[in-house]
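For reference, the structure discussed in these notes is given below.
The analysis underlying the following values was restricted to heavy atoms, covering all of them including side chains, and did not include hydrogens, waters or symmetry mates. The shown structure was predicted, so the numbers you read here are calculated from the model rather than taken from an experiment.
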Amino acid sequence: MKTLQKLFITAVFLFSVFAVSLSIQPEQQVRAETSGNDYPIVLVHGLGGWGKGEFLGYRYWGGLKDIEFYLNQTGHRTYVATVGPVSSNWDRAVELYYYIKGGTVDYGAAHAKEHGHARFGRTYPGIYGQWDETNKIHLIGHSMGGQTSRMLVELLKSGSQKEQEYYSQHPEEGISPLFTGGKNWVHSVTSLATPHNGSTFADQEQIVSFIKDFIIHLASAAGQKQESLIYDFKLDQWGLKRQPGESFHAYMNRVMTSPIWQSNDISAYDLTTFGAQELNQWMKTYPDVYYLSYTGNASYRGVVTGNYYPIGTMHPLFTLISMQMGSYTRQSPAPVIDRSWLPNDGIVNVVSAKYPFGHPNSPYDGKIKQGVWNSFPVMEGWDHMDFINFIGSNTPGYFSIYGYYHDVANRLHSLPK
């Protein structure tokens with residue numbers, strides 16, 4: 001059965017390569033509409049994401065296309081960030097800060113002691129070292145990347161009370177400038193298929209096996225041998241760095257069987273409805289920041305059962321997950337999951353992707369409002385990975401992925417400073 005599944009996914013990948021070859025010619029070069037601001041865009045990947053140089057150059061942002069390059073060519077200065085693919089939103093947000101600004105990652109003394117991992121991580125040169133109050137940025141996050149972007153804004157603006165209290169008691173240990181707050185450095189946050197309120201798939205405790213299968217299937221479809229796969233879990237803070245000569249199979253098994261998955265300081269918890277509810281209670285929506293959310297739906301309502309089922313064009317990796325999500329409800333423990341949660345994009349519930357519950361929000365009406373989540377109309381037929389042009393994506397938007405991002409970027413650069 002697994003062999004047949006691999007063959008099917010490989011066939012889908014080969015079809016995608018052929019399809020892309022028909023449309024790989026440069027699209028019309030329309031210059032950016034930058035009448036409002038010229039702040040750069042930073043793309044933040046989601047769960048399981050990767051950076052440049054991994055997967056033999058197959059891109060997270062665009063697959064066989066290059067969204068970063070296209071946006072830069074059309075006048076939208078854009079950078080791709082890389083953070084821990086399975087780490088918690090706290091750890092990812094801290095890494096994102098240093099990846100952009102430059103320096104040695106400092107997860108915070110109080111945070112590191114609380115969760116039992118190293119305080120310091122990798123050192124980055126910075127992709128936009130001049131980042132500050134004058135030189136702001138736009139953050140675009142896909143999936144968990146939207147949560148991570150919100151976390152970064154929270155730390156920049158309000159800092160961390162726990163880290164500040166620890167520093168007052170242990171001044172000799174120092175404190176990262178990220179945790180002191182007062183930094184109005186982000187102009188906008190855009191979420192693409194983000195589980196702001198968690199995913200009921202994550203609640204069903206299958207996310208660890210999903211991550212493992214996701215990476216294996218991606219490697220298979222991309223024609224890479226698992227033993228020599230170029231993929232980095234970026235879990236140095238947990239002591240899970242790949243050793244010289246260690247096969248990827250051994251490395252991945254070490255990660256997947258690690259006790260880190262029982263911690264609350266990991267993606268598997270943050271992506272649950274329970275973990276997301278906790279985050280939403282202390283991460284704020286700020287009145288001087290613009291927030292945009294884009295949501296997809298790749299499911300339909302069954303006439304007899306009233307449950308939701310995956311549409312025929314949904315990526316095959318997510319059809320079983322979608323069916324589970326399309327029938328899952330609960331009354332307890334809180335939060336209550338009612339039938340409004342059933343529509344989904346294969347990984348994220350539609351209702352969860354629109355905005356964080358309890359936060360200011362408004363349906364997009366042609367004008368982007370500041371300080372509220374501007375929720376754009378649901379993109380019917382788009383599954384979770386169509387937003388990044390993943391292997392096997394085949395919605396109507398697939399062949400115009402450049403145009404989609406061009407529209408998003410134009411909206412961001414039309415915002416007043």
Side-chain angles (χ1 to χ4, degrees), residues 31-46 61 67-68 70-72 74-81 83 89 92-102 126-142 144-159 177-178 180-192 194 196 283-294 354-356 359-362 364-376 387 404-417:
R31 301 307 299 170
E33 298 171 8
T34 57
S35 57
N37 71 86
D38 61 354
Y39 301 136
I41 293 169
V42 178
L43 303 176
V44 186
H45 67 71
W61 295 97
I67 292 169
E68 177 193 19
Y70 174 78
L71 289 178
N72 277 304
T74 53
H76 299 286
R77 187 166 33 148
T78 303
Y79 302 95
V80 169
V83 293
N89 278 303
R92 283 165 53 96
V94 173
E95 292 164 0
L96 181 57
Y97 170 78
Y98 286 99
Y99 195 89
I100 299 170
K101 184 68 174 174
I127 56 175
Y128 188 59
Q130 64 267 49
W131 182 32
D132 60 17
E133 183 110 12
T134 302
N135 302 293
K136 297 183 180 183
I137 61 173
H138 299 284
L139 293 170
I140 297 181
H142 173 247
M144 189 180 181
Q147 283 185 315
T148 301
S149 298
R150 290 174 54 209
M151 176 76 77
L152 177 57
V153 172
E154 179 65 32
L155 294 176
L156 285 167
K157 294 180 78 67
S158 296
L178 176 59
T180 60
K183 298 175 179 62
N184 301 315
W185 294 8
V186 175
H187 199 55
S188 75
V189 173
T190 299
S191 65
L192 312 177
T194 291
H196 291 294
M283 289 199 306
K284 296 175 282 296
T285 294
Y286 288 89
D288 59 346
V289 178
Y290 292 95
Y291 298 89
L292 296 75
S293 70
Y294 294 85
K354 292 182 177 180
Y355 53 83
H359 289 233
N361 64 87
S362 175
Y364 175 67
D365 60 3
K367 181 179 180 181
I368 299 173
K369 305 175 183 67
Q370 197 172 27
V372 305
W373 281 91
N374 297 269
S375 178
F376 283 75
F387 287 91
Y404 170 72
Y405 277 90
H406 188 74
D407 288 344
V408 172
N410 273 342
R411 288 193 180 103
L412 298 181
H413 281 145
S414 68
L415 298 173
K417 285 189 175 182

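- Here the shortest heavy-atom pairing between Val372 and Lys369 reads CG2-CB, 3.6 Å.
- With a 4.5 Å cut-off on side-chain heavy atoms, Trp131 and Val186 count as touching.
- Contacts of Thr148 classified as side-chain hydrogen bond (donor to acceptor under 3.5 Å, both in side chains), with partners at least two apart in sequence or in another chain: Asn89, Arg92.
- The main-chain N or O of Tyr291 is found under 3.5 Å from a side-chain atom of Asn374 such that the two form a donor-acceptor pair.
- Residues passing the side-chain hydrogen bond (donor to acceptor under 3.5 Å, both in side chains) test with Tyr98, sequence neighbours excluded: Ser176.
- Applying the 6.0 Å contact sphere to OH of Tyr355 captures no more than 12 heavy atoms from other residues, nucleotides or ligands.
- Qualifying ring pair (Phe, Tyr, Trp, His ring centres under 6.0 Å) partners for Tyr294, counting only residues two or more places apart in sequence or in other chains: Phe376, Tyr404.
- In terms of modelled atom types and a separation under 3.5 Å, the side chain of His187 and the main chain of Tyr290 share no donor-acceptor contact.
- Residues passing the side-chain hydrogen bond (donor to acceptor under 3.5 Å, both in side chains) test with Glu154, sequence neighbours excluded: Lys284, Tyr286.
- For the pair Ser191 and His196, the minimum side-chain heavy-atom distance is below 4.5 Å.
- Between Tyr128 and Arg77 the shortest side-chain heavy-atom distance falls below 4.5 Å.
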Side chain to side chain donor-acceptor pair (under 3.5 Å) between His406 and Asn410, worked out: CA-CA 6 Å; His406 188 74; Asn410 273 342; 3.2 Å; yes

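- Residues His45 and Val83 meet the side-chain proximity criterion, which asks for heavy atoms closer than 4.5 Å.
- In this structure, the side chains of Gln370 and Pro416 stay at 4.5 Å or more apart for every pair of heavy atoms.
- How far CD1 of Ile41 is from OG1 of Thr78: 4.5 Å, rounded to the nearest 0.5 Å.
- Considering all non-hydrogen atoms of both residues, Gly36 and Lys417 come closest at O-CG, 3.5 Å.
- Remark: the backbone N or O of Tyr70 is not paired with any side-chain donor or acceptor of Tyr405 at under 3.5 angstrom.
- Partners of Ser375 under the side chain to side chain contact (heavy atoms under 4.5 Å, CB included) rule, at least two apart in sequence or in another chain, are Ser293, Lys354.
- Closest heavy-atom contact between Leu139 and Val44: CD2-CG2, 4.2 Å.
- When the ring pair (Phe, Tyr, Trp, His ring centres under 6.0 Å) test is applied to His142, the partners found at least two apart in sequence or on another chain are Tyr60, His384.
- Taking 4.5 Å as the limit, every side-chain heavy atom of Met144 sits out of range of all side-chain heavy atoms of Thr194.
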Steps toward side chain to side chain donor-acceptor pair (under 3.5 Å) verdict (Trp373, Thr285): CA-CA 8 Å; Trp373 281 91; Thr285 294; 3.1 Å; yes

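- Contact check for Leu412 versus Asn37: no side-chain heavy atoms found under the 4.5 Å cut-off.
- The line from OG of Ser149 to CE of Met283 is 10.0 Å long, rounded to the nearest 0.5 Å.
- For Asp132, the side chain to side chain contact (heavy atoms under 4.5 Å, CB included) partners two or more places apart in sequence, or in a different chain, are Thr134, Asn135, Trp185.
- Partners of Tyr99 under the side chain to side chain contact (heavy atoms under 4.5 Å, CB included) rule, at least two apart in sequence or in another chain, are Ala81, Thr82, Tyr124, Ile127.
- In plain terms, the two heavy atoms of Ala93 and Leu155 that are nearest each other are CB-CD1, 4.4 Å.
- When every heavy atom of Leu415 is checked against every heavy atom of Ser188, the shortest pair comes out as CD1-CB, 4.2 Å.
- We find the CG-NE2 distance between Leu292 and His138 to be 10.0 Å, quoted to the nearest 0.5 Å.
- Closest approach of Gly182 and Glu133 over heavy atoms only: O-OE1, 4.3 Å.
- With sequence neighbours left out, Thr190 forms a side-chain hydrogen bond (donor to acceptor under 3.5 Å, both in side chains) with no residue at all.
- With sequence neighbours excluded, the residues forming a side chain to side chain contact (heavy atoms under 4.5 Å, CB included) with Lys367 are Asp365, listed by chain and number.
- By the salt bridge (Lys or Arg N to Asp or Glu O under 4.0 Å) test, Lys101 pairs with no residue at all, sequence neighbours left out.
- The only option from Arg150, Met151, Lys157 that meets the side chain to side chain contact (heavy atoms under 4.5 Å, CB included) definition with Val153 turns out to be Lys157.
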